[in-house]
Amino acid sequence: MIQVTGVRQKQAWADRELPPVEMVRPGLWSIPLEFPDAPLRYALTYAIEYSGGVTLIDTGWPCQAAWDGLESGLQRSGWSVDDVRAVLITHGHGDHIGLASRIRDRSGAWIAMHEADVPELAKIDNPSAGHVHPQPWLLRRGGEPADFVATEDEFRGETLADFGFEPDRFLQDGGRPLGADSDLIAIWTPGHSPGHTSFYDSAGNLMLTGDHVLPRIRSPIAPPSREGVDVLGNYLAALTRLTRYDVREVLPGHEYRFAGLAERVEELRRYHQARLDEVLAVLHRRPGASSVAVARELGASRPWAQMMAVQCWFTLREAYVHLVHLQHTGYATNEGADVDEWYALQNVGPTLT
Ligand SMILES: [Zn+2]
Ligand SMILES: [Zn+2]
């Protein structure tokens, strides 16, 4: 089991309040930024002393409430927005990039993110765009368009105009974005998004995990941007990679800080292990099933017909990334030419080690 170290954050979560600004170690602060009308309620930004000012890791949702929270949070840390020298982005989702361009306009900070997440930025103008599959992709999976088109926009909160941007720099896996002698190392952790990057702070043995590892919820894994990429395999490898670091505390992008990264990674791996077995069992029951047919049979909380389009979408992409991983590891094969037709090749699924 993990140990919650962000005790005041967890209490605030239970009380449905915004957690406090906290100093995690000297020179590193956690600043919660409101994420209106979203179940996650807030995104966590981290400010780290850098070059006579601070660097920020992530910048919240693009709304005035988040901006106000950033201004007051920096003030409580002894800084202001004018002191931001650099912005490092874990991944290109709206609740992490929101204020980046406004901060850059104000302070002249440079913005860095992984190149593989630049296409994510194009979806941001329409936050629900990331929830809509291209029709050919969907039909190939065995879908009927009517199941999926009516997506609900989860994020109805008012957003700032013109929050799109182009990054000034790209993050490199294993690189030190704040300079060769700095304590911060970028670690490419794809899965939730293609270019998702975590950061290791060796000064405090802290791992900043963005949405890659959260203490309570599992963040969804993105479907492959190209047909046949084993996104789940890459994600599982990236989980393991994090456990090679000496980590005292995890600083996630939502929820609360915790200790026990290896335990949390093990929990996530066990979940995917069980899901792979479940998917393989469906293929044994229904040889030749399409990806949508597999998704319909997975232990969903509600029957397919009662699920909102967004939930169907999430269930489908969950099924699909597990199917593709089974294919990559030799446990299943897709024989369909135009529409997926999956067959099991083994009786039991792979053992994730
Ligand atoms: Zn995300
Ligand atoms: Zn997020």
Exercise for review: Using the six-membered ring of Trp29, assess whether NZ or CZ of Arg76 lies under 6.0 Å from its centre and within 45 degrees of the ring axis.
Suggested key: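 Here Arg76 fails the 6.0 Å and 45° test against Trp29.
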
Review point. Do we get Arg218 above Tyr271's six-membered ring, with its NZ or CZ under 6.0 Å from the centre and within 45° of the axis?
Key: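 Yes, cation above the ring, under 6.0 Å and within 45°.
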
Point to revise | Nearest-0.5 Å distance that lies between atom CG in Asp230 and atom CG in Leu323 | key: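 Those atoms lie 11.5 Å apart.
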
Exercise for review: Rounded to the nearest 0.5 Å, what's the gap from CD1 on Ile57 to OG1 on Thr45? Could you check?
Suggested key: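 With rounding to 0.5 Å, CD1 (Ile57) is 9.5 Å from OG1 (Thr45).
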
Exercise for review: Taking the six-membered ring for Trp and the full ring for Phe, Tyr or His, determine whether the centres of Tyr235 and His212 are under 6.0 Å apart.
Suggested key: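 Between Tyr235 and His212, the centre distance is under 6.0 Å.
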
Check your understanding: Less than 6.0 Å separating the ring centroids of His93 and His192?
Key ->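 His93 vs His192: aromatic centres under 6.0 Å.
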
Exercise for review: Could you pull out the closest heavy-atom pair between Ala332 and Trp342, with the gap in Å?
Suggested key: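 For Ala332 and Trp342, the tightest heavy-atom pair comes out as CB-CE3, 4.4 Å.
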
Check your understanding: Any idea which heavy atoms bring Trp13 and Pro39 closest together, and the distance?
Key ->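 Nearest heavy atoms, Trp13 then Pro39: CH2-O, 3.7 Å.
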
Check your understanding: Does some side-chain heavy atom of Leu74 sit less than 4.5 Å from a side-chain heavy atom of Asp83?
Key ->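 Side chain of Asp83 against side chain of Leu74, heavy atoms only: no contact under 4.5 Å found.
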
Practice item. Please work out which of the three classes, parallel, tilted or perpendicular, describes the rings of Trp137 and Tyr320, given edges at 30° and 60°. Key: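 Taking Trp137 first and then Tyr320, their aromatic rings stand perpendicular (interplane angle over 60°).
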
Exercise for review: Taking atom CD of Gln3 as the centre, report whether more than 12 heavy atoms of other residues, nucleotides or ligands fall under 6.0 Å from it.
Suggested key: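 Open: at most 12 neighbouring heavy atoms sit under 6.0 Å from CD of Gln3.
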
Check your understanding: In terms of heavy-atom contacts, does CZ of Arg16 have more than 12 from other residues, nucleotides or ligands at under 6.0 Å?
Key ->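 Result for CZ/Arg16: open.
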
Exercise for review: Any chance you could lay out the salt bridge (charged side-chain N to carboxylate O under 4.0 Å, His left out) test for Asp173 and Arg241, step after step, and finish with the verdict?
Suggested key: CA-CA 11 Å; Asp173 183 31; Arg241 197 158 349 131; 3.6 Å; yes

Point to revise | Given His114, His254, His196, the one that forms ring pair (Phe, Tyr, Trp, His ring centres under 6.0 Å) with His96 | key: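 So the option named by the test is His254.
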
**Study point:** Charged N-O contact under 4.0 Å between Glu267 and Arg264
**Key:**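 Yes, this pair counts.
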
